[in-house]
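Below, read A as the first sequence line, B as the second, and so on, with proteins coming before strands; counting in each chain starts at 1.
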Amino acid sequence: MSQYYQQIWAQIAAIPAGRVTSYGRIAERAGLPRRARLVAQALRNAPPEMQLPWFRVLRADGSIAPASTHAGHDEQIARLTAEGVLVKNARVDLERFGWSLSLDELLWSPEH
DNA sequence: CGTGTGACTGACC
DNA sequence: AGGTCAGCCACAC
């Protein structure tokens, strides 16, 4: 298995409940810029017993990645909703629920 | 070793 | 708002 998976999985596992992020951001945090597709691959190949919060990973625009025909699609929406993330039209507002782009951090950060 | 394939992205149109 | 396109890169053939 790829040596990259470990660091990708670690970053996914680190997403706080109630927050979401994108494939691209996970890749960046894992030290693998521009390799969003590798994140998707790592996610697909993740051992189920690892119980990663895969549902907190969305596309860059906040939409649900798996096709609506895919089994995981509905489950992803359900699990996000269950932890307080508002999903409308298979889409999440990243300004509100995005990890490290939250309204809180923007307001409280000394830099901004 | 060449090719096709994505649970992707940003830029364009 | 939605579609196309060219990059992208590890992986399966």
task: Mind checking the CD1-OH spacing from I8(A) to Y23(A)? Nearest 0.5 Å is all I need.
output: 11.5 Å
message: Tell me whether the side-chain N or O atoms of Y23(A) pair up with the base of dA7(B) as donor and acceptor below 3.5 Å, since no angle test is needed here.
response: yes
query: Under a 4.0 Å N-O cut-off, is there an ion pair linking D93(A) with K88(A)?
result: no
- prompt: Of all the choices, dC9(C), dC8(B), dA7(B), which nucleotide is nearest to the side chain of A36(A) once you look at every atom?
  reply: dC8(B)
message: Less than 4.0 angstrom from a charged side-chain N to a carboxylate O is my criterion; do R79(A) and E75(A) meet it?
response: yes
- prompt: Rounded to whole angstrom units, what separation is found between the CH2 atom of W9(A) and the C1' atom of dA7(B)?
  reply: 15 Å
query: Between atom CD in E28(A) and atom C1' in dC8(C), what is the gap in whole Å?
result: 14 Å
message: Show me the dot-bracket string of DNA chain B, counting Watson-Crick or G-U pairs under 3.5 Å, with | for pairs to another strand and [ ] for crossing ones.
response: .|||||.||||||
message: What is the distance, to the nearest angstrom, from the CG atom on L43(A) to the P atom on dA7(B)?
response: 10 Å
message: I need the CZ-C1' distance between R44(A) and dG6(B), as an integer number of Å.
response: 7 Å
query: Which nucleotide, dA7(B), dA10(C), dC8(B), lies nearest any side-chain atom of L38(A)?
result: dA10(C)
- request: Rounded off to whole Å, could you give me the CZ-to-P distance for the R35(A) and dC9(C) pair?
  value: 6 Å
- request: Decide side chain to side chain contact (heavy atoms under 4.5 Å, CB included) for L58(A) and T21(A); before the verdict, give the C-alpha distance in whole Å, the side-chain angles of both, and the deciding distance to 0.1 Å.
  value: CA-CA 6 Å; L58(A) 307 171; T21(A) 190; over 6 Å; no
task: Grab the CG-C1' distance between L52(A) and dA7(B) for me, whole Å please.
output: 14 Å
- prompt: Taking the same atom, C1', in dG6(B) and in dC8(C), what whole-Å distance lies between them?
  reply: 11 Å
- request: Identify whether the distance between the nearest side-chain nitrogen and carboxylate oxygen of E28(A) and R35(A) falls below 4.0 Å.
  value: no
message: Output the rounded distance in Å from CD (Q6(A)) to P (dA10(C)).
response: 17 Å
task: Please figure out whether N45(A) or R34(A) has its closest DNA chain C nucleotide nearer the 5' end.
output: R34(A)
task: Starting at atom CG of L32(A), determine the distance to atom C1' of dT9(B), rounded to an integer number of angstrom.
output: 16 Å
message: What contact category does R37(A) fall into here, base, sugar-phosphate, or nothing, at under 4.0 angstrom with non-hydrogen atoms?
response: base
